[in-house]
Amino acid sequence: MTAVTAVTDHTDQADRPGDDDGRDDARVREEDDRVPGRDSAHPRDGDDGHARVRADGDAAASPEEGASGDGGAAGARPGSGAATDPPHTTDAAGVTDTADSPGGEGAADAGRGTDGGNGGPEAAQAPEAPEESEGGAWDDGLIARRVAVGAEGHVRPVPETAADDRPPVVTPLAYDGPLRSRLDALRELVGLSRARLDNRTLAEAGRILEEAAARRRLSGQHTVVAIAGATGSGKSQLFNALAGVAISETGVRRPTTSAPIACSWSDGAATLIDRLGIPGRLRRRPLQSPEAEAQLRGLVLVDLPDHDSAAVQHRAQVDRVLALVDAVIWVVDPEKYADAVLHERYLRPMAGHAEVTFVVLNQVDRLPGEAAHQVLDDLRRLLDEDGIALGEYGEPGATVLAVSALSGDGIGELREALGHFVAERGAAARRISADVDAAAARLWPVYANQRQAGLTEEARDEFADRLAEAVGASAAGEAAEREWRRHANRACGTPWLRLWRWCQDRCDPPTGRMSVRSQADEEATARQRVEQAVRTVADEAAAGLPGAWAQAVREAAVRGAQGLSEALDELAVRAGTPAGRPPRPGWWPAAVLAQASMTILQVVGGLWLLGQIVGVLSPNLGVPVLLMVIGIVGGPAVEWACRMAVRGPARRYGLEAERRLREAASGCGRARVLDPVAAELLRYREVREQYVRVMGVGAGTG
Amino acid sequence: MTLDVRPQLLDALSALRDRVAAARFPLPLAGAPRARANRDELLAQLDDYLVPRLRDPEAPLLAVIGGSTGAGKSTLVNSLVGRRVSEAGVLRPTTRTPVLVCHPEDHHWFSGMRVLPDLTRVWVPQQDAGDESLLPGDEGPRTLRVETVDTLPRGLALLDAPDVDSLLADNRVLAAELICAADIWVMVTTAARYADAVPWHLLRTAKEHDATLVTVLDRVPHQVLSEVSRQYGALLTKAGLGEVPRFTVPELPESAWGGGLLPATAVAPLRAWLVQQAQDPAARRHAMARTAHGALDSLRTRMPELAGAAAAQYAAALRLTAAVDGAYDSEYARVRGRLQAGAVLAGGALKRWRSYPLDCTAGELLDALSESLAALLLCAVSAADERVDDAWRREPAAGAPGLTDRAPEEESAEQRIGVAVRRWRRVVEEHAEEEVRGLEKGVAPDAEAVAALVATALLGGRRARAAGEGLAERIGAQGALRLRDKAGRLLTDYLDKTLRAERERRLAPLDALDVHPEPQAELIAALSVLQKER
């Protein structure tokens, strides 16, 4: 009930000079509404709903709009106004309510009373408008400037009152499959990106989702079309020409219209107009005529203030309403059709909305003969340069028409085009679709990757190689190989050689070998190499990703790399020391035996010779010498053969040691760094898929 | 109010002009585009108006007709001179090449490069009015057509400027430049436009600059003439421009939309006013002095603004430099610490050292050590780069081309560091050879082994104490100490040199932008000299 109370408060504050009837009527209405408003079976759905909404809309809008809504509206209907006729206006409003209860009339009365009351004291506001301070960028002492700089894009929250507690009397809008899936994808996308992107980037997408949801709840039978244009282009003239009555005030005083005015061709559009924040007293009905009714059924026309006058609050109103309507008729005139403000601030950014755009060249009556065609062609050229597809030859795109609201030329054509447009009932969905397109295009740099994202096999292998290098796998393998070979050679060497080596070892201990297993090394892993490996692999994975995601990938890698070096240290100790003695090949005993037998042959040959010399044995020079020669030659020969034969196993042993270390290191790196990075990349790919769905590529084929 | 021009003032003004011309705003800060536009505009005004005007006070008055597209500027100029000199039409924007109209005897003032020096003059010989070939072809973007007509009195020139709100950005800039060059600003607006934001903005600028201003309300339909005129007057008064001469030109069917010329009576008051300004010496002096003084006065706010922008540029450049310095300094400290701790002797190098000399040669040990050292340096450099990138990402100024999107170099940091480390190794080997040569032939150890031991002792920190002992055993404690010191100094040298070179490389694009603290001070100094000379 607060809303209704606000209405009475509002009327009170409007310092109406002793108009008790109006206030009583408002109270009556309050009583009247309270009863049926509770139960869902509403007896007079259409009209009463309309009236109620008016009250609600008014109440809700008044705190929001403040001076700009009320004062501006009041300023637009000055006592000295040139072409206004208030009785007419009231009639137009009254027409809808005549068949209604007294409550309806009361509302109309109250509306008029409020208007009049406001109009008196505040009529002097309009001339002040140009003096209002300009929004920042335009007041800076520069003569040349870009018009697009500082285009205010703020959107005020729209009061969504009374939408819930009233039974839906209208068929809500239904979006078709592809659009629905695109909207779902956009919602998903926004949800997935919340943690990665700042709110400012996502604000536009969030707003579009909200608007789409809000529009969906409202009537699908109606199409809201705004008439926008520069000051003096004849927006209100055109509005009146379409409505058939002088609803919106026209005049030579610039700017004329200061608050949006809505005109609805059929019932049930109240909530739609609520959404635009247009108060009840600025809602009108067109001239009742069956054929107009049939042609434009479902049309809600909104007359907007100008977008280019020195009154900045007008621009704010225009920007706000343009974000909410289903379609826009841009009214241009021969004098202003090439204004930079129009093209740079509105038409170019809304180029994607071509299908829900009409561009109407008004005031062609001011142009002599041929010139109208020339100007129209030039206008088409400019629109084409703006990137707006023109709906010629049956292709989808903007409709461009030349009309004269004053003489009526072309109005019929426009009416027909609008009629077709409204009858299709597709404008709202197309507008939302274009909004989604625009949002997706704007989000392109945040989601698009320059090249195939992801970790390639080469990158993974390279990372493993770098980690292996950090733990010194290849050096360790080589060392193991050489050590094993050294031992093997020693084992298979001739005893004399071994003896000599042993002596040498005793008198000259080598430097490095002393400390071989003496202590477990601290920080055996090269920290810098690990750090560099992680950085390289993160850069590799993040290459081509848009900023926020690249950052996320890098952070995941860095987080994973914490403690990686310590883990590698431990692991190197474990994997680096082979369990037990190094394995020996099966032929080794045979080799040792052969070597031993060679030695025995030498000894036997020697002893035999010695025995002959001493005379114990019969002299036989040939055999012992042969034995000894075999022993002497065979010992090194066996040693040499072993040396050759040991190469393969030694190599295998070394490679095995290297592989063990390398695999342990790469396993550790995979678990700690590559997997988190891959997860992050997967998350990006998911988002990217949603983005592609939003772009409508997948939906188009489905 | 008169205009007395002393040579000192002119000198001060040209000095100031040079300072303004020298000011650059290369870093993409929030205020930079604005400052650049301000600078261009100021430079244009100095070149096109202030300097030539003060130098030649007797030159003809230049009245520039400016306004929105479709306001009927060209028609107005044509009507004022009584001949089609500037093309008018229904297609917007109509005037793409500005047209200057003057008396034939004044032609020499404008044919040279005295005013508007960066516009190429196009001379179109006298033609019959209404000739279609009057329409200029493709003359390039920055040209000025000079027309002479007898109907215009001497001492007055009219300039038909392009639209101030043109769809073509170049046109907008040109229009602003031309308006800046005017002695008399003639602002044209129409009944449909008089509340537009853009012309009001121009009017306010004119007021700020205190230029001699006159407004024309064009294309007013007869039936609403008085009301619109009254409204416009009220708006002007509100904006504090109430005393500005105001002329109203009605919309006439025979002339509207570029058809032809307005009847002389329609523009007679404006013409009379302009002629009076040009011919009455007192009025002329007043008009001239007012605009010139206004422009000079406006310098008092515009120059500090430029100086402020220059200071902001320098501050941003300092911040960028400081980020680089900070990153490299901290990385340098980290590398030093790691060298002390023996981080080089880890991984492969450590394994080599453990198996030296039985299973590993001195050459291999040296190889492993230099590789490890190169890896340490590369790691430091890329960490510093990463840190710089991080810091710069938060700086809007880092968006300047070439700062963050560095072109891939033909020689990577890895290669450069590799070269430096190899050089260090060679020098250490040479020193070792020298040391060994001094020893007796019999006991002299292998020079490569000595070099490997020195490198290990130097780079291995505590865990390579054995290397130091082994070295002392081989070449004596004295020699070992000497060699180690030499190699240590070398290492520090090469480390410093490498990191400094990398830092310089990183800063090179920023240095190339040439952002210095001087412009700020110079701009202010030039302004104060000018103030003193006035």
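Here is the naming used below: chain letters follow the sequence lines, and residue numbers restart at 1 for every chain.
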**Study point:** Side chain proximity check, A:Asp339 to B:Arg193, heavy atoms < 4.5 angstrom
**Key:** yes
Review point. Any side-chain heavy atom of A:Glu531 sitting closer than 4.5 Å to one from B:Leu376?
Key: no
Study note, to complete from the structure: Tightest non-hydrogen contact, residues A:Arg486 and B:Asp359, listed as NE-OD1, 2.8 Å
Study note, to complete from the structure: Minimal heavy-atom distance between B:Lys351 and A:Gly472, with the atoms involved, is CG-O, 3.7 Å
Review point. Thinking salt bridges, do A:Lys336 and B:Asp165 make one under a 4.0 Å N-O criterion?
Key: no
Check your understanding: Are the charged groups of B:Arg354 and A:Glu483 less than 4.0 angstrom apart, N to O?
Key -> no
Exercise for review: For side-chain contact (heavy atoms from CB on, under 4.5 Å), just list the numbers for A:Asp308 and B:Val198, CA-CA rounded to whole Å, side-chain angles, deciding distance to a tenth of an Å, and then say yes or no.
Suggested key: CA-CA 8 Å; A:Asp308 66 341; B:Val198 178; over 6 Å; no
Exercise for review: Could you walk me through whether B:Ser355 and A:Glu478 pass the side-chain contact (heavy atoms from CB on, under 4.5 Å) test, one step at a time?
Suggested key: CA-CA 10 Å; B:Ser355 54; A:Glu478 216 160 285; over 6 Å; no
Point to revise | From CA spacing to verdict: side-chain contact (heavy atoms from CB on, under 4.5 Å), A:Gln532, B:Ser382 | key: CA-CA 8 Å; A:Gln532 190 66 20; B:Ser382 28; 2.8 Å; yes
Review point. Between B:Ala380, B:Ala368, B:Ala383, which shows the greatest number of heavy-atom pairs under 4.5 Å with chain A?
Key: B:Ala383
Point to revise | Residue pair B:Thr190 / A:Glu335, side-chain donor-acceptor N/O under 3.5 Å | key: yes
Practice item. Would you mind telling me which of A:Ala480, A:Gly234, A:Ala475, A:Gly232 has the largest number of heavy-atom pairs within less than 4.5 Å of chain B? Key: A:Ala475
